[in-house]
Amino acid sequence: NAGVTQTPKFQVLKTGQSMTLQCAQDMNHNSMYWYRQDPGMGLRLIYYSASEGTTDKGEVPNGYNVSRLNKREFSLRLESAAPSQTSVYFCASSPQGDEQFFGPGTRLTVL
Amino acid sequence: QQQVKQSPQSLIVQKGGISIINCAYENTAFDYFPWYQQFPGKGPALLIAIRPDVSEKKEGRFTISFNKSAKQFSLHIMDSQPGDSATYFCAAAYSGAGSYQLTFGKGTKLSVIP
């Protein structure tokens, strides 16, 4: 039982490049989330998926897209990366939305 | 607009002391208040959570105190240990939209010195 896994762990991009961050959970949770964490800012919600087949914007969705591929997987895509998207990205899952289980994070640097 | 304000930003406590972290919220619709603990290089992990129908919840050395009228809640860590050194985040959410959207405070870095 791996919980929430994220790939890659680290990534360096150049401005304008695109990439997809992958997230998978093996706990049969309904809800999944993407957050970004910046120094001194706490965690901010980018997008979430309350259940398979649905996605909704969070607090900071601009510049990102998501796909809930199936119940296990929720990916985050940066179409044209910008330096302002340099951050640590966390995926989380939850059975009902309250208790959220976080993955280990992806550290992204955009040059 | 910051909906959850957390203080202090950093806290140094001696081993065996009490660590206290405070949070204040604005949205009266919030009905779930968790605390998360994060160690360097790791994802946050749920520590303890409370709902507004109780004023206090205790789990081991960790206690949440909740004041609904003041829209404030706090985390107390009794007998603080060096292993408690981490960053702590309070959060708040409401379930009205069918899924909880957590709004986090900015975090408190706790250092427990021997």
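Note: B:Tyr94 and B:Tyr32 fail the aromatic proximity criterion, with ring centroids not under 6.0 Å apart. Two rings, from A:Tyr47 and A:Tyr33, have their centers 6.0 Å or more apart.
Shown here for B:Gln38 and A:Phe90, the closest heavy-atom pair between the two residues is NE2-CZ, 3.4 Å.
Residue B:Pro34: no heavy atom, backbone or side chain, is found under 4.5 Å from chain A. Within the 4.5 angstrom heavy-atom criterion, no atom of B:Gln9 approaches chain A. Only the side chain of A:Leu45 comes within contact range of chain B, judged by heavy atoms closer than 4.5 Å.
A salt bridge links A:Arg44 with A:Asp38: the distance from a Lys NZ or Arg NE/NH1/NH2 to an Asp or Glu carboxylate oxygen falls below 4.0 Å. Classification of A:Asp98 and B:Arg51 as a salt-bridged pair holds, one side-chain N sitting under 4.0 Å from a carboxylate O. With salt bridges taken as basic N to acidic carboxylate O contacts below 4.0 Å, none links B:Glu56 and B:Lys58.
Listed by sequence position, A:Glu99, A:Gln100, A:Phe102, A:Gly103, A:Pro104 are the residues of residues 99-110 of chain A in contact with chain B, using a 4.5 angstrom heavy-atom cutoff.
Each of A:Ser75, A:Ser31, A:Ser49 was checked for a side-chain hydrogen bond (donor to acceptor under 3.5 Å, both in side chains) with A:Arg68, and the lone residue meeting it is A:Ser49.
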